[in-house]
Protein chains: 2
Amino acid sequence: MSKLPVIELFGPTIQGEGSVIGLKTMFVRLYGCDYKCSWCDSAFTWDGSSKSSIQRLTSLEIIDKLNSIGLDGCTYVTISGGNPALYNEPMHDLISELHKRSKKIIVETQGSIWKDWFNDVDILTISPKPPSSLMSTDWGILQSIFANLQHSNVSLKVVIFDETDYLYAKKVQSLFPDITLYLQVGNAEVTRSESIAGQLLNKLEWLFNLVINDPEMQTVRVLPQLHTLIWNNERGK
Amino acid sequence: MSKLPVIELFGPTIQGEGSVIGLKTMFVRLYGCDYKCSWCDSAFTWDGSSKSSIQRLTSLEIIDKLNSIGLDGCTYVTISGGNPALYNEPMHDLISELHKRSKKIIVETQGSIWKDWFNDVDILTISPKPPSSLMSTDWGILQSIFANLQHSNVSLKVVIFDETDYLYAKKVQSLFPDITLYLQVGNAEVTRSESIAGQLLNKLEWLFNLVINDPEMQTVRVLPQLHTLIWNNERGK
């Protein structure tokens with residue numbers, strides 16, 4: 001059976017972001033990303049610093065480990081990264097085995113790679129990365145992903161650090177006007193361990209005011225990273 | 001034309017609660033409530049302290065006033081209270097006039113009174129009040145409301161101050177298992193004007209942990225009042 005490179009398994013916890021904000025979930029975090037966002041809050045999934053923690057696991061091994069920490073009390077499983085879209089057959093396996101157990105699957109991916117299994121997950125977030133990430137968006141791929149999606153529960157999410165990112169989010173909205181767009185304030189302090197809530201709330205107020213004063217942004221959702229407000233940058237939460 | 005007793009008109013602002021968290025909206029706050037919740041954060045809508053601010057307005061007058069503060073840049077209008085379910089004909093009027101202008105309507109009501117117009121609003125939140133409110137829930141009425149609702153976008157919301165409230169929320173979930181239930185941490189400091197974010201986030205972490213450790217609560221959504229984190233108890237935000 002094919003294997004996935006797993007770097008973290010934890011939960012139950014509360015989802016902090018986007019369309020799934022506030023939802024109880026287990027987390028499976030995969031190693032490997034095709035991006036290297038300047039402000040990535042999970043750089044250990046691609047920068048080599050935690051390579052020794054990678055476990056190569058089959059879907060049944062992953063489910064065993066999830067069972068041992070509380071999967072039976074949790075309907076949702078978030079498969080995160082890195083970019084889960086790097087993997088094909090083992091993702092099909094894991095999704096199928098979780099569905100057999102009546103679990104629902106949440107995936108977030110940046111929209112740089114298409115995989116057929118996107119249509120099999122229960123809640124999908126496509127999160128293209130704005131200019132502050134120093135990554136560049138392949139708009140053709142992003143458009144082909146939305147053309148291929150047959151999904152009733154997909155949303156877009158853009159992290160906003162500055163006004164250039166905000167203009168990028170407006171372009172995303174204009175390209176995909178029928179998809180709910182979530183704006184999330186960026187966390188510029190991904191390595192600080194002390195409380196960053198005050199700073200994040202100030203940034204959220206700034207983003208609220210941008211949207212409030214912009215007649216072209218009428219249906220976006222503006223949200224914080226809830227888990228960061230509560231648990232700062234603590235891993236495994 | 002029939003009139004509504006309006007005590008506040010403001011916006012655009014960002015919705016802070018439940019299924020509409022993060023959404024840009026105008027607010028129309030109506031005077032009058034059949035409840036007197038012990039911790040009500042809008043007691044001026046029923047305790048008489050702001051009676052001199054009530055304006056009796058037709059739906060066209062309300063829309064004129066909303067236009068003058070930015071309705072054209074805002075798709076959503078929240079009609080709040082007090083309890084908007086106290087009013088019948090003027091609510092029909094207002095909903096109809098807003099829909100003619102392609103606006104979408106958000107209403108929250110405690111589920112103590114049924115009105116036919118519930119089925120005409122775009123997003124409806126039913127928020128039965130837990131024991132800490134010192135109100136008592138008429139479960140028969142609540143069940144008849146859900147029996148009458150023909151609505152694709154309805155959710156439940158319960159404010160949680162303590163473990164007794166949490167048990168009440170579990171009863172709500174067990175009675176209406178197919179309706180998404182939002183749990184919201186109560187704000188015990190509705191009269192403080194200084195920052196209450198730290199305290200609210202501590203309370204949110206407490207509620208997160210209750211849900212995380214409760215295998216019977218798998219699909220609830222746990223959220224803060226976002227506007228209170230940002231703007232404390234300021235009115236008109």
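Here is the naming used below: chain letters follow the sequence lines, and residue numbers restart at 1 for every chain. Because the structure is a prediction, the values reported are computed rather than measured.
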Looking at chain B, which one of A/K24, A/K104, A/E216, A/Q15 has the largest number of heavy-atom pairs inside 4.5 Å, strictly under? A/K24
Solution key, residues 217-225 of chain A side-chain donor-acceptor pairs under 3.5 Å, sequence neighbours excluded:
from   : atom 1 : to     : atom 2 : distance (Å)
A/Q218 : OE1    : B/C74  : N      : 3.3
A/Q218 : OE1    : B/T75  : N      : 2.9
A/Q218 : OE1    : B/T75  : OG1    : 2.7
A/Q218 : NE2    : A/P215 : O      : 3.0
A/Q218 : NE2    : B/D72  : O      : 3.2
A/R221 : NE     : B/I21  : O      : 2.8
A/R221 : NH2    : B/S19  : O      : 2.7
A/R221 : NH2    : B/I21  : O      : 3.1
A/Q225 : OE1    : A/T228 : OG1    : 2.9
A/Q225 : NE2    : A/E17  : OE2    : 2.6
A/Q225 : NE2    : A/D41  : OD2    : 3.1

Can you tell if the side chain of A/L204 reaches within under 4.5 Å of the side chain of B/L226, non-hydrogen atoms only?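 Answer yes - side chains close enough.
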With only heavy atoms counted, which part of B/F208 is less than 4.5 Å from chain A, the side chain, the backbone, both or neither? both
Working to the nearest 0.5 angstrom, can you tell me the gap between B/I230 CD1 and A/L207 CG? 9.5 Å
